[in-house]
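In what follows, a structure is listed as structure tokens, so that the remarks can point back to it.
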Amino acid sequence: MSELEITIETLEDNIVLIKPSGYLDAHTFEQLDCTIQEIFENQTHRLIVNLEEVNYISSAGAGVFIGAISQAHENSGNIIFLSPSPNVQDVFDLLGLSQIFSFASQLEEALEKF
Amino acid sequence: MSSLPPQNADSGAFNEMLQISSQTENLEKLRNFIQRMVSSSNLESTLHNRIVLAVDEAVSNIIEHGYPPTQPGRIQVEVQANASLFSVLIRDSGRSFHPGEIANIDIRKHVQQGKRNGLGIFIMRQIMDEVDYSFQEGLENTLRLVKYIT
């Protein structure tokens, strides 16, 4: 598997589901950042990000989400995080992001949050 | 880099070094090295991934701010561990960086403003017991990260 793979799926009401797999660090974060920016520019500011297959995240990866959430809110959108892996959850806890970001454990639950 | 266990690993005392070029593709190699070091140390396992993260953040900062992207330089990472502490010395000869001058962040304001900077040093301070920096201008910068083993 390459360092980071990203799948994209458009769901109901033009909500987009992004699923990165691999690690999100200073080497790979730009790939995810570009993907999110393209979706923002061309489609929607309502995203669900499935994090169950992200096995490592550093501040570079967390920074992508911080920037993206701010942009989403400015455009009446939101980002819901689905099933973060234990390592990702630990980093969100460490940064205090677990109290700020919105999470869901099931896709249906994530869709209901919009 | 050796794939063998560090010397005297049973007693938790060892000293190993890794040298990498300041390019982000080497971060995975760095993380694998630190993972092997923490696994051989007396640190409790719940801290392992956090120590790997703290060192990743330190080296990522040097890669981003220390050297021009077109002229990568050397970064030397030395682990010194014993029964009471796990210490990482990170040396480079790039532009000096002063973590002490960077204030801690208010994460809620950071998110509201969409700011991405300052997270790495915040993470290092959250995880490690000591984050010390020394430098000889233009010669060598040394960042020392220490975690005490209780």
Side-chain angles (χ1 to χ4, degrees), chain A residues 1-4 22-34 36-37 40 45 47 49 54-75 77-81 84-103, chain B residues 20-32 34-35 38 44-67 69 72 75 99 102 104-128:
Chain A
M1 194 174 101
S2 69
E3 298 141 343
L4 183 69
Y23 58 79
L24 265 174
D25 68 354
H27 186 54
T28 61
F29 78 99
E30 284 177 337
Q31 193 183 334
L32 179 66
D33 203 18
C34 288
I36 292 175
Q37 292 310 316
F40 280 175
H45 285 84
L47 302 182
V49 183
V54 174
N55 47 41
Y56 178 84
I57 189 168
S58 67
S59 68
V64 171
F65 296 132
I66 288 174
I69 282 182
S70 175
Q71 279 180 280
H73 288 171
E74 283 169 13
N75 291 277
N78 200 4
I79 300 179
I80 308 298
F81 295 95
S85 66
N87 276 349
V88 172
Q89 188 66 61
D90 187 47
V91 177
F92 284 171
D93 289 347
L94 193 68
L95 283 167
L97 294 171
S98 301
Q99 282 79 49
I100 299 171
F101 287 177
S102 298
F103 296 91
Chain B
I20 58 169
S21 173
S22 62
Q23 290 157 310
T24 55
E25 62 249 45
N26 292 322
L27 289 171
E28 189 177 19
K29 185 195 284 185
L30 169 79
R31 291 195 295 269
N32 290 340
I34 299 297
Q35 187 69 57
V38 291
E44 59 178 281
S45 60
T46 53
L47 288 171
H48 289 187
N49 287 329
R50 287 189 168 199
I51 304 286
V52 170
L53 175 63
V55 180
D56 178 321
E57 295 294 348
V59 173
S60 294
N61 263 339
I62 295 167
I63 293 172
E64 185 182 357
H65 302 293
Y67 294 102
I75 301 172
I102 297 172
N104 266 338
I105 59 172
D106 177 333
I107 193 68
R108 202 165 282 277
K109 277 187 188 166
H110 240 64
V111 174
Q112 281 168 357
Q113 296 165 357
K115 285 170 69 177
R116 303 173 179 209
N117 58 323
L119 297 172
I121 186 71
F122 178 69
I123 283 175
M124 280 185 259
R125 287 176 182 153
Q126 290 281 92
I127 295 171
M128 306 305 289

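Note: hydrogens, waters and symmetry copies are ignored here, and every other heavy atom, side chains too, is used. Lettering of chains follows the sequences in order, A, B, ..., and the numbering in each one begins at 1.
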Between Glu25(B) and chain A, which part of the residue has a heavy atom less than 4.5 Å away: side chain, backbone, both or neither? both
Chain A heavy atoms under 4.5 Å from Ile63(B): which part of the residue, side chain, backbone, both or neither? neither
Which atoms of Gln113(B) approach chain A - backbone, side chain, both or neither, heavy atom under 4.5 Å: backbone
His27(A) and Leu27(B) have their tightest heavy-atom pair at N-CD1, 4.3 Å
Closest heavy-atom pair, Leu119(B) versus Leu95(A), reported as atoms and distance to 0.1 Å, is CD2-CD2, 4.0 Å
Would you compute the distance between atom CG of Asp33(A) and atom CZ of Arg116(B) and round it to the nearest 0.5 angstrom? 4.0 Å
The interface call for Gln99(A) against chain B, heavy-atom contacts under 4.5 Å, is both
Locate the shortest heavy-atom distance separating Ile107(B) from Gly96(A); write the atom from each residue and the value. CG2-O, 4.2 Å
Proximal component of Leu94(A), with respect to chain B [non-hydrogen, under 4.5 Å]: both
Could you tell me the separation between the CG atom of Asp25(A) and the OG1 atom of Thr24(B), rounded to the nearest 0.5 Å? 7.0 Å
Taking all non-hydrogen atoms of both residues into account, name the closest pair between Val52(B) and Tyr56(A) and its distance. O-OH, 4.3 Å
Proximity breakdown for Phe65(A) and chain B, heavy-atom pairs closer than 4.5 Å: neither
Atom pair CG (Asp56(B)) and OH (Tyr23(A)), whose distance is rounded to the nearest 0.5 Å: 10.0 Å
Value for CD1 (Ile66(A)) from CG (Asn117(B)), rounded to nearest 0.5 Å, stands at 10.0 Å
Examine whether an atom of Asn87(A) lies under 4.5 Å from a heavy atom of chain B, and if so say whether it belongs to the side chain, the backbone or both; otherwise answer neither. side chain
Atom OG of Ser59(A) and atom CG of Leu53(B): how far apart are they, to the nearest 0.5 Å? 7.5 Å
Euclidean distance, Thr28(A) OG1 relative to Glu28(B) CD, rounded to 0.5 Å: 10.0 Å
